[in-house]
Each structure stands twice: as structure tokens, then as C-alpha cells.
Amino acid sequence: MTVSKKAKETIGLITAIIVLIGLVFGIYFWLEKRYALAEEVKKIEQRLDYKILADQLQAIQERIWQIMDRFKNREMDQTVQEELRVLEMQKEQKQNQIKMYEQKVP
């Protein structure tokens, strides 16, 4: 049984179309997966940034408490007062950063 030249061309064309459709879908799903992963990485990065800010705020607050406990009944000298003032400013900055971050991230 021989296949005519026209039938061979038709079979070749159908095969080419099927391969092309498969290639297009393959590329689509590859890109979809890539961008979906990029979005997940972005979300993880945002959560990590928030965690870092919260940890820094906690460390500053603990340092303030240590200074206050140490000088509870004594008068603080100028350097200690300056350090406490700087820590309070840093604490306020971190709180503002966290507030801005919470407003920005859903």
C-alpha cells in the first residue's frame, strides 16, 4: 500500500501543526511557572524584610530596657543619656518603617 505525495504532505503538515501547538503550550507553561515562582520569592522576601525589621526593633527595645534597669535608681551621665536618646530615635524610625511596610504589604 503506497501513500500518495499529497497524503504525505498532509500528514507532515498535521504533524508540524501538532508539534507547533505542543511547543507553544510548553513555552506558555514554562513562563507561567517561572513568573509564579518569582511572585512567591517576592512574597518570601517581603516577609523576611518584615521579620528583620521586627527583630531590630525588639533588639533596640531590649537595649533600652537594659539601660533603664541598670540606671533605675541612679542618675545617668551624659553619654548614657545620649545613647538612650539615640536608641529612642532608632526605635521610632523602626516603628515608622514597620508601619509603612504594613500599609504597603497586604
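Follow the hydrophobic side-chain contacts under 4.5 Å out from F29 and you reach I21 in the same cluster. Under a hydrophobic-cluster definition in which Ile, Leu, Val, Met, Phe, Trp and Tyr are linked whenever side-chain heavy atoms come within less than 4.5 Å, directly or via other members, M89 and I64 are assigned to different clusters. When hydrophobic clusters are built by joining Ile, Leu, Val, Met, Phe, Trp and Tyr residues whose side-chain heavy atoms come closer than 4.5 Å, directly or via intermediates, L23 is grouped together with W30.
Other residues, nucleotides and ligands contribute more than 12 heavy atoms inside 6.0 Å of the CE atom of M76.
Take F71 and apply the ring pair (Phe, Tyr, Trp, His ring centres under 6.0 Å) test, not counting sequence neighbours, and it matches no residue. Applying the salt bridge (Lys or Arg N to Asp or Glu O under 4.0 Å) test to K72 and every residue at least two apart in sequence or in another chain returns nothing. In this structure, the side-chain hydrogen bond (donor to acceptor under 3.5 Å, both in side chains) partners of Q56, at least two apart in sequence or on a different chain, are K94. E88 is linked by a side-chain hydrogen bond (donor to acceptor under 3.5 Å, both in side chains) to nothing, counting only residues two or more places apart in sequence or in another chain. Here R85 pairs with E82 under the side-chain hydrogen bond (donor to acceptor under 3.5 Å, both in side chains) rule; sequence neighbours left out.
Between Q61 and L57, the closest side-chain pair of non-hydrogen atoms is not below 4.5 Å. Taking the side chain as every heavy atom from C-beta outward, I18 and I14 approach each other to under 4.5 Å. Side-chain contact between E92 and Q97 is absent, with no heavy-atom pair separated by less than 4.5 Å.
Residues I60 and L87 approach most closely at CG2-O, 3.4 Å, considering heavy atoms. Taking each heavy atom of Y101 and R47 in turn, the nearest pair found is OH-N, 3.7 Å.
Remark: L13 CG to L20 CG distance equals 10.5 Å, nearest 0.5 Å. With values rounded to the nearest 0.5 angstrom, Q93 atom CD is found 11.5 Å from L53 atom CG.
Pairs passing the salt bridge (charged side-chain N to carboxylate O under 4.0 Å, His left out) check and including a residue from residues 51-70, sequence neighbours excluded, read K51-D55, R63-E83.
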